Amino acid sequence: MPDIENDPKQYDHQRIETKWQQRWDNTPGLYAADAESSKPKYYVLEMLPYPSGSLHIGHVRNYAIGDALARYKWMQGFNVLHPMGWDAFGLPAENAAIKNKRHPYEWTHANIAEMKRQHRRMAFSYDWDREVTTCEPEYYRWNQWFFLKMLERGLAYRKKALVNWCPECATVLANEQVIDGCCWRHETTRVEQKALEQWFWKTTAYADELLRDIDEKLDGKWPDRVLSMQRNWIGRSEGTEVDFTIDGSGEKVRVFTTRVDTIYGATCVILAPEHPLAQKLMDDAGRAKAKEMVDARKLQGPGEVGKEGYFTGAYAINPYSQEKVPVWIGNFVLMDYGTGAIMAVPAHDERDFEFATTYNIPIRQVIRHPDGGLELHPAKPFTEYGIVEDSGQFTGMTSAEARKVMSAFADGAGFGNAKVTFRIKDWGISRQRYWGTPIPVIHCEKCGVVPVPENQLPVVLPVDVEITGVGQSPLASAASFVNVKCPNCGSDARRETDTMDTFVDSSWYFYRYCDAKNSTAPYDSKKIAYWFPIDQYIGGVEHAILHLIYSRFFTKVMRDLGLIQNDEPAERLFTQGMVIRDGAKMSKSKGNVVSADDMITRFGADTGRLFGLFAAPPEKDMDWTDAGAEGSYRFLGRVFRFVARNAERLTTQESTSGAATGDKKALRKLHQTIQKVTDDFNQRWHFNTSIAGMMELVNILYEEEANLSGAALGQILPAITLLLSPFAPYTAEEMWELQGRTGPVFRQSWPVADEQLAKEDAAEVVLQVNGKLRGTIRVPFGADRETLEKAAMADPRVRASIEGKQIVKIVVVPDKLVNIVVR
RNA sequence: GCCCGGGUGGCGAAACCGGCAGACGCAACGGACUUAAAAUCCGUUUCUCCGCAAGGGGAGUGCGGGUUCAAGUCCCGCCCCGGGCACCA
């Protein structure tokens, strides 16, 4: 019975991994990036985690992708920056504090320590000297600094806005804490909308550029689905704003439309119920009705609700046709999109059609199908482009033409203009929560809102605060924090008690990695110029909109502040799939989580990393199964034992018996595998096929083991060790040492394939009759048409299937195939 | 409704430019080693038909059409699944 515990030729993952873990822990700066280097730079980044407590397999797969890439790039001779940090502010820390009576700071740091230990145990190659923790004043003071810069530039402003409010908790909730319209802690309590003074950042100021650069800078480099989600979210529409005049009073009501070509078909104007003009035009009964609509909308869950309207009693004049149309309010008209008012063209818009049918408003057709008559389906509107009809001087134009001409006409006549409208809203960053960055302003009765002077930053989050989760922000009860003197006039003033959304923290952390210890600036611009843009950013697709739009916004703001030169944060983005187990995403509530620690004990870190990459291509969701992980474990054992026993054979100069008859086959496969793995790294990252390729190689090595020369082994052993090292660093390092070599293995050069050795020595040509496979032959590469035809005709199976038939045509693809077409 | 993905054996998947469908792995079955088991090593495994066998035939990549000597791959029309946006004028 082999003594696995003490036999170095057996694959004992515990022994190997603890041995190298210890050595690596005692090597400071093992994965440090060079500040300056003659090598080309490569910045590879995985999205920083929230320190929730411990790593599971989902994290492992995620980081294994970036780690394999970082190691590969090192071996390719790049100066690699591969940092890691902690998105450490946020609600779970506060909730844990309430539940466990532990301070968020303490809870967060305990989690960070634990997760960092696991990261090291997984052998993720981070430069820990650049670690960033967002809840430290050294970091968040720069959030405050950026806030002040935005305030100076008019990009930060304050306004009253609707927020989610739970009456039970008596506090504001983040959108993420509203589940199906109810509070997450009081599942039967509906969340209300409450108007509060909030701070906003003007993301809309960059809407145009954010959208344009999707096409100009990111297309083809970021995943399509992410770009398409961002396009949807930003939501640009080109249209026209037109003033209708209220009959009698002469007041104007401005509407926004993307279909000004249909305006002669407008049969009413509809205002949002909260529209100021609607309030003015209506009597008390009307205002009550409007309030009812607004209230109903607050309670309304997702999904469509029937159209409701109310006639204001007023009429408006269409400036194109001079026609007088009634003015309504409608529950489906949104105050915060466009102008909060629309013209209704029931004949050419689904919603207007539904509204008109409900309230007996006339339906007038003004667009004709380009190749049809003027017939309108009785039950639905015609919403496509066509030819304009019955529209005065614009009659006969195409819709596209009319949209341009009629916009210009409005402009000339002074009652409207072309207008681009975006769906994206400004970013509301205020949170009535404790565990976040204090917003650096002071409210003074005399001076109003006064920014905290730059030299007084950071505004430090006080530690001795009672967190109850109920009532106002915990900061409001910290007297020493709240009560300050106005920096302007010196009189008594109150400090702002809201904190910033945690998405602020993660919007620029990747810049801080370049200069993590800078105490006088967020970073040194020269260092950013060296490292940016991020060459490869890796993270979950769930961040496609929020984090990745905010980060792009922040980058553009920093650029306009003159701090950086890049327009976009990341050159390439990769979104990995989720880890699924028993048909569901891994989560604590489903009880299907596999912890990194369990996996490390059972199979080792290398197996976890390898299986995470082998089970599916990295952009797809993968199924975790213990049996599948065992397969990856078996593979690592197979490579390891092969290397271990043959390394010995090499070092003892023992000659092989089989006259090296296996060399050619094994070396050919070796060099094909080098090509394959290198290609996968350079192109698609389909590491599942890289690993499959290595498995095929190992299968051949087992077959030919007795027939390999020492010379061949001398090539094979180091090469396969290097190929494996980005995926299974522990196993590779041990194999490297067994060959008498000195590491670390990830600082060696990546192997280069020898094309001559990789080449097959004959072409395998497929023989078909009428497209059906009838056999294969091996012929020298480059054999000509005649030779191939002859060879095909000589094949007995081919002969049998063309027997007695007439040959119509012979298709020959050199080195590939002969297809004989018969009748 | 609109916009992105995707649909291939019992399962995860591969086939990258239109050229042998199912590499690699899991599971299952069989064999070797073992007192026995585990571990390890070696085989078989898309379905189906003919044959004692060696072997051979047919079908097959969600469905229906098309282009082509040749289609998982390209085109047209559907169905289903996942994700995003959604009364956005």
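Numbers restart at 1 for each chain; the letters A, B, ... are given by sequence-line order, proteins then strands. These numbers were taken from a predicted model, which means no experiment stands behind them. Atom set for the values below is all heavy atoms of this structure, side chains included, hydrogens, waters and symmetry mates excluded.
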Would you classify C63(B) as syn or anti? Syn applies when the glycosidic angle is within 90° of 0.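 C63(B): anti glycosidic orientation.
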
Would you classify G9(B) as syn or anti? Syn applies when the glycosidic angle is within 90° of 0.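 What G9(B) shows is a syn base, its glycosidic angle lying within 90° of 0.
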
Which nucleotide, if any, forms a Watson-Crick or G-U wobble pair with [N], using both distances under 3.5 Å?
N	value
C47(B)	G58(B)
G5(B)	C81(B)
C11(B)	G25(B)

N or O in side chain of [X] less than 4.0 angstrom from [N] OP1/OP2:
X	N	result
K620(A)	G82(B)	no
K809(A)	C69(B)	yes
Y702(A)	C41(B)	yes
R641(A)	A39(B)	no
R823(A)	C69(B)	no
S237(A)	A89(B)	yes
N232(A)	G83(B)	no
N688(A)	A14(B)	yes
R774(A)	C20(B)	no
R634(A)	C26(B)	yes
R797(A)	G55(B)	no

[atom1] of [X] versus [atom2] of [N]: gap in Å, rounded?
X	N	atom1	atom2	value
D795(A)	C20(B)	CG	P	17 Å
N819(A)	C20(B)	CG	C1'	12 Å
D621(A)	G7(B)	CG	C1'	15 Å
F603(A)	A39(B)	CZ	P	12 Å
R225(A)	G83(B)	CZ	P	12 Å
W328(A)	C87(B)	CH2	P	22 Å
E703(A)	G43(B)	CD	C1'	12 Å
R236(A)	A89(B)	CZ	P	12 Å

Pairwise [atom1] distance for [N] and [M], with rounding to whole Å:
N	M	atom1	value
C4(B)	C75(B)	P	14 Å
U61(B)	C2(B)	P	29 Å
G82(B)	C26(B)	P	30 Å
G6(B)	A54(B)	C1'	44 Å
U68(B)	U46(B)	C1'	27 Å

Let me know, please, whether G338(A) or V811(A) comes out on the 5' side of the other along RNA chain B by nearest nucleotide.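 Of the two residues, V811(A) wins.
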
Which sits closer to the 5' end of RNA chain B, E630(A) or A341(A), going by the nucleotide each is nearest to?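 First, find each residue's nearest nucleotide; the 5'-ward one identifies E630(A).
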
Salt-bridge test for [X] and [Y]: reply yes if a basic N is under 4.0 Å from a carboxylate O, no otherwise.
X	Y	answer
E764(A)	K816(A)	no
K419(A)	E238(A)	no
R225(A)	E619(A)	no
D261(A)	R259(A)	yes
R684(A)	D679(A)	no

Please check if the number of heavy atoms outside R799(A) that lie under 6.0 Å from its CZ is greater than 12.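 No, the 6.0 Å shell around CZ holds no more than 12 heavy atoms from other groups.
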
Using a heavy-atom cut-off of 4.0 Å across all strands, would you classify [X] as base, sugar-phosphate, or nothing?
X	result
K419(A)	nothing
E350(A)	nothing
V333(A)	base
V821(A)	sugar-phosphate

State which of A27(B), C87(B), A23(B) makes the closest approach to the side chain of E696(A).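 Of the options given, the side chain of E696(A) lies nearest A23(B).
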
Taking only the side-chain heavy atoms of H686(A) (C-beta and beyond), determine which of A89(B), G25(B), A14(B) contains the nearest atom.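 From the listed options, A14(B) comes nearest.
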
From F614(A), F681(A), F611(A), F574(A), residue fulfilling ring-ring contact (aromatic ring centres under 6.0 Å, His included) relative to F687(A):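 The single option meeting the ring-ring contact (aromatic ring centres under 6.0 Å, His included) with F687(A) is F681(A).
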
Run the side-chain hydrogen bond (donor to acceptor under 3.5 Å, both in side chains) test on T731(A) and Y11(A) for me, step by step, so that the C-alpha distance in whole Å, both residues' side-chain angles and the decisive distance to 0.1 Å come before the verdict. CA-CA 9 Å; T731(A) 309; Y11(A) 185 61; 3.0 Å; yes

